[in-house]
Amino acid sequence: MSRSTVPLWIFPLAIALVMLASAHLAWWLSLRAGYIEPCNPYWDGCTSISRAARHGLGNHLFRLMMLPCALLVAIHWWLAGRWLGAGSKPARALAVLGATCAVALGVYATFLGTEGAAYGFLRRYGITVFFGCGFLAQLVFLRRWNGDTTRGAARPQWRMMAAVCVAMLLLGVGNVLGDALLQDRARQDRLENALEWQLGLLLATWYLLQAWCWRHERLHLSFNDP
């Protein structure tokens with residue numbers, strides 16, 4: 001019986017690349033088909049990620065890519081918990097949060113592009129739970145890593161990942177302030193759309209930094225071949 005290994009860093013790397021590719025390809029396809037107006041969504045906020053991936057070929061491609069990504073998210077957070085200490089409370093918390101993220105992302109992707117109030121509710125709260133539980137998982141991961149003196153928490157990767165979390169939190173605060181201060185609903189929508197794209201970019205950046213960290217650690221998942 002031989003033993004095979006898979007580098008752990010490919011999991012967060014794959015998540016980041018799929019997220020970036022699916023959103024931008026859907027945006028490009030919808031733009032070509034005339035479903036959305038041309039602009040820089042990160043700045044102008046002319047369309048949300050959901051609207052860019054709601055119609056035509058872009059919708060099918062987005063769902064085809066994001067559903068497997070949901071499984072990768074669950075596997076990733078389970079592996080992250082084992083890296084920080086299998087059986088510990090943080091490991092169990094990461095496994096639960098990761099599974100919740102995966103289900104929420106799967107629900108969101110499955111019902112994206114469907115009509116009806118019930119489907120709209122599932123989409124809206126699916127993506128909200130995905131980002132919320134994902135952010136909590138990041139905080140649990142960084143806190144546990146910071147408290148583990150054997151893993152060198154002062155490394156640049158930890159500081160940059162923490163900075164990304166702060167930036168994500170500031171975007172959330174900015175969204176709340178925008179809803180409270182802006183009187184024009186159209187301006188509120190454009191601000192919310194732009195912040196959604198920026199939040200997605202930060203989320204992908206966080207996974208890229210974690211891939212860098214795990215590659216630096218030379219971590220591998222081992223299993224026996226039959």
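Position 1 is the first residue of the sequence, and the numbers go up from there.
- Minimum interatomic distance between Thr47 and Ala52 (heavy atoms only, all atoms of both residues): OG1-N, 3.7 Å.
- In this structure, CG on Leu203 lies 6.5 Å from CG on Leu199, to the nearest 0.5 angstrom.
- Asn193 places a side-chain N or O within donor-acceptor distance of the main-chain N or O of Asp189, the cut-off being under 3.5 Å.
- Closest approach of Phe135 to Cys165, counting heavy atoms only: CE1-O, 3.4 Å.
- Here the side chain of Ser30 pairs no donor or acceptor atom with the backbone of Trp27 at under 3.5 angstrom.
- Leu202 and Leu136 fall within the same hydrophobic cluster, defined by Ile, Leu, Val, Met, Phe, Trp and Tyr side-chain heavy atoms under 4.5 Å apart, directly or through other members.
- Less than 6.0 angstrom separates the ring centroid of Phe141 from the ring centroid of Trp83.
- Phe62 CZ to His55 NE2: the interatomic distance, rounded to the nearest 0.5 Å, is 13.5 Å.
- In terms of modelled atom types and a separation under 3.5 Å, the side chain of Arg144 and the main chain of Leu84 share a donor-acceptor contact.
- Put simply, CD on Gln138 and CG on Leu94 are 10.5 Å apart, with the number rounded to the nearest 0.5 Å.
- Pairing each heavy atom of Gly174 with each of Leu195, the nearest pair is C-CD1, 4.0 Å.
- Between Gln157 and Leu209, the shortest heavy-atom distance links the atoms CG-O, 4.3 Å.
- Shortest non-hydrogen contact noted between His76 and Tyr207 is CE1-CE2, 3.4 Å.
- Counting heavy atoms from C-beta on, the side chains of Cys69 and Ile15 come closer than 4.5 Å.
- When the side chains of ILVMFWY residues are joined at heavy-atom separations under 4.5 Å, either directly or via intervening members, Trp28 and Leu112 end up in a single hydrophobic cluster.
- With sequence neighbours left out, the side-chain contact (heavy atoms from CB on, under 4.5 Å) criterion links His24 to Leu20, Tyr42, Trp197.
- Hydrophobic clustering places Leu57 together with Val18 (ILVMFWY residues linked when any side-chain heavy atoms are closer than 4.5 Å, directly or through intermediates).
- Under the 4.5 Å side-chain heavy-atom criterion for ILVMFWY residues, no single connected hydrophobic cluster contains both Leu67 and Phe130.
- Put simply, SG on Cys213 and CG on Leu208 are 13.0 Å apart, with the number rounded to the nearest 0.5 Å.
- Here Leu29 contributes atom CG and Ile36 contributes atom CD1; the two are 9.5 Å apart, rounded to the nearest 0.5 Å.
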Determine all donor-acceptor pairs shorter than 3.5 Å in which one atom belongs to a side chain in residues 97-108; sequence neighbours excluded.
{"unit_1": "Thr100", "atom_1": "OG1", "unit_2": "Val96", "atom_2": "O", "d": "2.8"}
{"unit_1": "Tyr108", "atom_1": "OH", "unit_2": "Ser50", "atom_2": "OG", "d": "2.6"}

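- Here the shortest heavy-atom pairing between Asp44 and Cys39 reads OD2-CB, 3.5 Å.
- Taking hydrophobic clusters as Ile, Leu, Val, Met, Phe, Trp and Tyr residues chained together by side-chain heavy-atom distances below 4.5 Å, Leu169 shares a cluster with Trp206.
- Here Leu61 contributes atom CG and Met66 contributes atom CE; the two are 11.0 Å apart, rounded to the nearest 0.5 Å.
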